[in-house]
Amino acid sequence: MAPRSDASENRERMTPEEAFSILGNELRVEILRELATEARTEETVAGGPGLTFSQLYERVDATNSSRFSYHLQKLTDTFVRETETGYKLTYAGDKIVRTILAGTYHERPEFEPIELDGLCPSCHETTLRATYEDEMLVVRCAQCELRLLSFLLSPAQTKNRTPTGIMDSADRYVRDEYSMVLDGVCSECLGRMTNTIRPGQEPVGGIYLSVHSCEQCGYRVTAPVELCLVYHPAVVAFYWEHGTDIRDESLWKLFEYIHSDRWRTECLSSDPYEFRVTMTVGDDELRVEVDETLSVTSVRAVETRIINDETS
Ligand SMILES: [Zn+2]
Ligand SMILES: [Zn+2]
């Protein structure tokens with residue numbers, strides 16, 4: 001058997017329950033915060049020397065050094081590592097302290113409802129409303145109240161931002177997140193994600209959804225199959241040539257493309273799934289085909305559309 005460090009062996013033997021029970025102490029959480037603060041002020045790219053035992057002891061509110069030493073020892077290997085130059089956070093310590101500083105465990109996000117321009121795929125109302133409900137940021141149709149989008153909302157995300165700024169941050173995050181998800185990478189744990197296609201349910205029939213699931217942590221992301229096209233260079237170029245940067249359109253504005261005549265989606269096959277999406281701007285068309293993994297298999301530009309060829 002290959003030799004490995006005691007630290008990694010200890011961590012491997014530990015259950016999640018044991019790991020989390022280590023954190024149930026104020027002084028230990030304070031130690032993690034101080035190490036995070038130090039890591040933030042260090043200017044070296046590769047990480048600085050960390051804090052020595054005495055430097056760390058001076059920064060926390062411990063009654064005596066043996067009590068401090070006992071609690072530091074409890075954290076060591078799991079959340080803190082001892083290096084030649086000082087104590088530093090482990091990957092697990094870094095993750096946990098960041099969620100503590102972001103307020104994830106002890107604060108609630110605050111959000112005032114706002115109205116947005118978009119398109120309801122069910123009743124075609126163009127005013128949508130964003131509210132905070134069931135721990136999620138939810139976008140509904142202002143008319144029929146159909147739930148169109150839901151985002152995770154963190155307490156840190158709502159600090160020092162207006163409702164519009166919060167919506168922009170949610171949109172930005174989901175755009176980048178979905179780009180990872182399309183490449184099979186979970187945005188929560190970086191585990192492998194795979195997708196399945198299923199038809200949308202009433203009241204929004206005639207659409208197809210891609211459901212992406214992480215094999216490791218179970219995180220799920222659901223989106224209309226057409227959303228993947230916003231990331232394709234041919235689609236970006238097509239809209240760019242017509243004066244629109246489609247990468248700048250918010251997710252709720254994209255409903256105006258996906259659920260209107262601008263984009264027509266045909267299901268070419270359901271086993272395996274295959275789709276053709278025809279995009280129209282003026283007299284120009286772009287036809288893009290995608291397979292069930294949402295990979296683009298064909299792109300065809302039609303320079304001048306023959307007017308009325310599809311209406312008879
Ligand atoms: Zn509606
Ligand atoms: Zn995951």
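Read the numbers this way: they start at 1 and go in the same order the structure lists the ligands and their atoms. This structure is a prediction, so every number in the text was calculated from the model and none was measured. The basis for the numbers below is simple: all heavy atoms, side chains too, and nothing from hydrogens, waters or symmetry mates.
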Exercise for review: Take the Zn ion (ligand 1) and tell me which protein N, O or S atoms are nearer than 2.8 Å.
Suggested key: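 Protein N/O/S atoms under 2.8 Å of the Zn ion (ligand 1): Cys120 SG, Cys123 SG, Cys141 SG, Cys144 SG.
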Review point. Tally of protein N/O/S atoms under 2.8 Å from the Zn ion (ligand 2)?
Key: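 Step by step: take the Zn ion (ligand 2), keep protein N, O, S below 2.8 Å, and you get 4.
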Review point. With ring centroids as reference points, do Phe68 and Tyr70 lie under 6.0 angstrom apart?
Key: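 So the answer is no for these two rings.
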Check your understanding: Ring centres of Tyr173 and Tyr178 under 6.0 Å apart?
Key -> no
Practice item. In plain terms, say whether Glu38 and Arg59 are close enough for a salt bridge, that is, a side-chain N and a carboxylate O under 4.0 Å apart. Key: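 Looking at Glu38 and Arg59, the cut-off is met.
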Identify all side-chain donor-acceptor contacts of residues 107-120 below 3.5 Å with residues at least two apart in sequence or on another chain.
from   : atom 1 : to     : atom 2 : distance (Å)
Glu107 : OE1    : Lys159 : NZ     : 2.6
Arg108 : NH1    : Glu135 : OE2    : 3.3
Glu115 : OE2    : Arg129 : NH2    : 3.2

Practice item. With the side chain counted from C-beta on, respond yes when Val302 and Leu286 share a heavy-atom pair under 4.5 Å apart, and no when they do not. Key: no
**Study point:** Shortest non-hydrogen separation from Leu148 to Cys141 and the atoms involved
**Key:** CD1-N, 4.1 Å
Review point. Checking Ser210 side chain against Ala223 main chain: does a donor-acceptor pair fall under 3.5 Å?
Key: no
Practice item. Look only at the side chain of Asp134 and the backbone of Met136, and say whether a donor-acceptor pair between them is shorter than 3.5 Å. Key: no
Practice item. Could you tell me which residues satisfy salt bridge (Lys or Arg N to Asp or Glu O under 4.0 Å) with Arg300, sequence neighbours excluded, listed by chain and number? Key: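 Partners of Arg300 by the salt bridge (Lys or Arg N to Asp or Glu O under 4.0 Å) criterion come out as none, since no residue qualifies.
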